[in-house]
Amino acid sequence: MRKRFLNWGLLAILAVLSLALGDCGSQAVSGNSKGAAAFDAETLRADTPEAIDEELAARFERTKKAADKMFAEEDGHLVIRHKYGRTVLPERP
């Protein structure tokens, strides 16, 4: 009888732990690191292929401009500026 009680007790503990650990990964991860929406939800948008292509092209241009601001060339070396400072890339990595 005692062995059966220990088995059921262990099973109950494992069930509680699995539920608790399973909830740890349920936080929603946003693709946007700043938490801002990628587009205005109030604005009506067309779902035609042309409108989608136009919106994607505009997003690409904004992303490209932001990336271009990060890179510079100083004394023949490529320099990347980021939130931790700057990194000078060697000629032959």
Side-chain angles (χ1 to χ4, degrees):
M1 184 74 167
R2 182 175 176 186
K3 188 174 181 180
R4 179 183 260 180
F5 178 72
L6 287 176
N7 285 340
W8 282 106
L10 184 59
L11 183 65
I13 290 172
L14 287 174
V16 168
L17 282 175
S18 67
L19 289 174
L21 292 176
D23 191 40
C24 291
S26 67
Q27 303 295 330
V29 177
S30 173
N32 191 346
S33 63
K34 295 180 182 173
F39 56 88
D40 183 20
E42 300 297 320
T43 304
L44 292 177
R45 300 180 330 204
D47 61 352
T48 63
E50 295 81 17
I52 292 171
D53 289 344
E54 184 179 327
E55 184 175 338
L56 288 176
R59 286 186 191 182
F60 175 76
E61 285 301 317
R62 284 193 309 266
T63 304
K64 187 173 183 312
K65 286 179 184 177
D68 287 343
K69 289 180 185 177
M70 293 175 54
F71 292 95
E73 192 169 331
E74 297 175 2
D75 299 328
H77 292 91
L78 187 60
V79 178
I80 302 172
R81 297 186 192 284
H82 45 79
K83 69 179 181 178
Y84 297 113
R86 54 179 248 160
T87 302
V88 179
L89 300 176
E91 288 181 27
R92 295 185 179 150

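Predicted, not measured: the structure shown is a model, and the values here were computed from it. Numbering of residues begins at 1 and proceeds along the displayed sequence.
When the shell of 6.0 Å around CD of E55 is examined, it contains more than 12 heavy atoms from other residues, nucleotides or ligands. With a 6.0 Å radius and a threshold of 12 heavy atoms from other residues, nucleotides or ligands, E74 has its CD atom above the threshold.
A salt bridge does not link K65 with E61: every distance from a Lys NZ or Arg NE/NH1/NH2 to an Asp or Glu carboxylate oxygen is 4.0 Å or more.
F71 belongs to a hydrophobic cluster with M70, L78, I80, L89, counting contacts under 4.5 Å between side-chain heavy atoms of Ile, Leu, Val, Met, Phe, Trp and Tyr, direct or through other members. Other members of the cluster containing V88 are V79, with ILVMFWY side chains joined at under 4.5 Å, either directly or via other members.
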